[in-house]
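In what follows, a single structure is set out as structure tokens and then discussed.
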Amino acid sequence: MRGLSLQRVSWRRALRHPGLHPRSTSRWATTCTDRKRRAEETRIESLTAKWQPHWDKLSPQWHELRKSDRGNAYVLPMFPYPSGTLHLGHLRVYTISDVLARFKHMQGYKVLHPIGWDAFGLPAENAAIERGVHPETWTLQNIEAMKGQMKEMGGRWDWDAEIQTCDPHFYKHTQRIFLMLHERGLAYQAESLVNYDPVDRTVLANEQVDASGRSWRSGAQVEKVMLKQWFLKIKAFQEPLLKDLDALAGNGRWPEKVLAMQRNWIGKSEGTKLCFDIESASSDVHFEPVDVFTTRADTLFGVQYIALSLRHPIVQQLAVKDESLQAFIEQAKELPPDTKEGYLLPNIVARNPIADSNDANPSPVSIYVAPYVLDDYGSGAVMGVPGHDTRDHAFWRTNAGEQPIKVVISSKQGVAPSTLEPGTGEDVPMTEKGFVATNIARFGDMTSEQAAGKIVDAIRSSGKQAEKTATWRLRDWLISRQRYWGTPIPIIHCYSCGPVPVPEKDLPVKLPNLPDSFFDGRKGNPLAEDEHWKKTTCPKCGSAAERETDTMDTFMDSSWYFFRFLDPKNENALVDPVKTNSGMPVDLYVGGVEHAILHLLYARFISKFLATTSTWPKGYLTNGEPFTRLITQGMVHGETFTDPDNGRFLRPDEVDLTNRSKPLVKATGLAPNVSYEKMSKSKYNGVDPGATIARHGADATRAHMLFQAPVGDVLEWDEKKITGVQRWLQRVVRLSTASWIPDDEVENFVVPTQIDAKLLSILQDLPSKEVLTAAQSSEIASSLSPVTRESLISSLKPEEAKLWIKTQQTTASVTESYSQTYSLNTIVSDLMTLTNTIWDTPHASPITPYLKWHSTAHLIRMLAPITPGVAEEAWHLLTTCTSNHPIEDSLPNPNPPYTVFATGFPIADLDIITLLTHTRKCVVQVDGKRKFDVEIPKLPDTMNTKDSKAVAKWMLGELVKTEEGREWLDRETGKIWKADKTGQVSEVFGMVPQGWKVIVVGGGKLCNFVGPRKGKSG
Ligand SMILES: [Zn+2]
């Protein structure tokens, strides 16, 4: 054991751990009371603010605090719109990303954790119009306000990478991306029917129009108008955008809910394109055949009508001479999208491309104009099958009255279903797949799938068109906005050359700097009205030309900003390709589930595009996917009070909260109804995170926020419960003052300098208190002989072993939660449990304080990502617990720097648990049938496991000490003895009757009692 002492000499000069306070030479003989007072003087609500100046000083060397030997990690929260105030939803997302970034940093990654501002957009422009202040002034003020709040929450950001999308240094590159897309034919201009708000004079996205067709902002009735607009051809990427979602599903990298929403939005449906000939009653009018798309070609024999969209070419052609059709089209614009109204076109019919009998003359099919048919679904025409589609059924009953409905598919084979008659109670369409009706020639009794294929084959062999194809719900991305506060589209319209890209050297096309007064009360697009800005010359031919006055959808800015963080100052390129290759994709992307569709889809599209360019040469390695792992956090709901008399929402000043758990309506003295709902002004349930932080401190607020709900769930914000978290953090601070060292031992206690030391080397080291590195201490541990190990371990009291096991188990589970499951709420509860275990472990021997010190050190380091202020304070207290040198004495320039964030994240030592565990579970069988299992001591190391008789005897001795064992083995009452008729004791094993065998398997994992064969059954 002492044979190691020779080598030890050279280890004396080993480096101290960089996160530790330099060891002081004099000791502070502090009494227990002194130490308790130190803890009581600590106000945990002020600790983030207390340590912020220290962290600011460390900030330039942040990445050098730890040896970054694990490579790069890019942790990114979705950047905020600068509305001016941080709300609780923001606080939640930034807390999550800050915690994960700090954890990865402590683990040894070089972490990029940047923040920026999604600074363009309508609210700034509307504020400008309302207040007569420039949108930029308003935006920059808001950014300043929010930056302050983000510092107060204890977040640690790479501020030197900060970006603002409204900065010309940024939007120059947004324009560059537009031109790269344009060059590849992926940005184009087209006439499009758009939602136009006549009050705000702008185009609205579908999501901005409510169910009654009104603008979400102005409330005006939205008009459908044709406008020339810019589009990005996202449809060119629809296949990979869909297919690559499968890879994101692996290992739960993206939440299943988000993947489903993306799939649904892209909306691929496989089906068949069929072609119906059109016949007109008058011989001088001719119509082209109509293409329809269907996912149910098997129902073709059930087609009873064709429905055309309002803008279908046949409808447009007929409307010229048909006044009642004109009137219908006009009136249809006012109808809801799912209307069942239709207009039967007189004098024309369609022909089913296949006959339902052997005579080759298909019956005529009516043609309706139906507003429910979308212009851009297939070709603006669908086939109507009332017997097998709910909507078609409703349409038919509305427009064709009581006419019978054909049923051509049945759930059973060999059936010829009868038609559907109204008012019979069985007038319900059969929408499932099944078997073709038995009476349909050639296809009867086939399954739906078989029939769909055979019908297509039959149509094609008759010389008509039919093909398997797919339709997509996804539309090209309309990016034109008729607004000022966005990225100008870098195009010049020349009367002779057409639209001409602005040359690279002329970028950025800057927004004109208009006076504040320009915006006051203004409607419409200021760019279109600024003649001076608009007029320019054509870059191609030099003649007079006009700038494009549309700006880009702000989703364009957020579709690529995460590239820019990697190289925020680059003037010549979006980002240096070398930096893209090493920095992309983002490892962890954190944001609200409300962005599950559009933002993520557009970001994936632009990333996939950039992966086909020199901007991201290695993008193909990840299919151009920008976000390896996506964490979507749930909403934060606020405590909401309503009046029990009338259901009215109550303002905070209408509720008496003197007793927080028993609120009262001030006016009536009644108890209000309390619920948790989405925060909104009209419900008076908003919470200002700044006020919460001021009251409870950033640390308690962060821990409370994580503790209350899993990150993906709705968080019901209940500030009452925060006091529990505060009490816990106070207890952590008290632990870290080492109040558990008895006064008579504190004089001799030496603060350990090897925080990652393994248990065996701590025990080995205790007599001499040598300074060893972690590697050396683990070398010692592994070089010990089994006997030495056992004697060291046996010096531990059971309570001490229990504490060490708990510490290692907690370290393992917390590490997994931080890095694999992101179950941040369980981290808080695990750390609370560990706190209590350390607190409750009694002083059992002079070893106890050292073990408690190490366990507390683990606790503080695991806590540091969540509560940086409390952890830094606690670390200071723990490392100086017997020293009178306040940390400030050794600042400002300690080398190595003093901070808990330089200490690394603890690594669980699970091997030691086996050594420390003295018992194991044993399953007991009788004649091979499991009877019970029981916790018994492990086989002693000294036992020869090959001596099965000795092992069995030892096992019997242990089993009989347990209650369950006695139930079977007791000589008087044991079940084995009751069945015995010999009355003799086994000479081999003792304790069991003659003829019984005891078989032990797996070193004591299983013990099987086998009785003598009863009778002679053969
Ligand atoms: Zn020109």
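When a ligand or atom number is given, it counts from 1 through the structure's own listing order.
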Handout entry: Aromatic centroids of Tyr589 and Trp254 separated by under 6.0 Å
Key = no

Problem - Pairs meeting criterion ring-ring contact (aromatic ring centres under 6.0 Å, His included) with involvement of residues 309-332, two or more places apart - result: Phe328-Tyr343

Practice task
Can you sort out the partners of Glu323 under salt bridge (charged side-chain N to carboxylate O under 4.0 Å, His left out), two or more places apart, ordered by chain and number?
Solution key: none

Completion exercise
Counting only protein N, O or S atoms (no waters) closer than 2.8 Å to the Zn ion (ligand 1) gives 4

Handout entry: Thr612 side chain to Arg184 side chain, donor-acceptor N/O pair below 3.5 angstrom
Key = yes

Practice task
Decide yes or no for His286 and Ser280: does some side-chain heavy atom of the first lie under 4.5 Å from some side-chain heavy atom of the second?
Solution key: no

Practice task
Using the test salt bridge (charged side-chain N to carboxylate O under 4.0 Å, His left out), find all partners of Asp246 that sit at least two apart in sequence or belong to another chain.
Solution key: Arg263

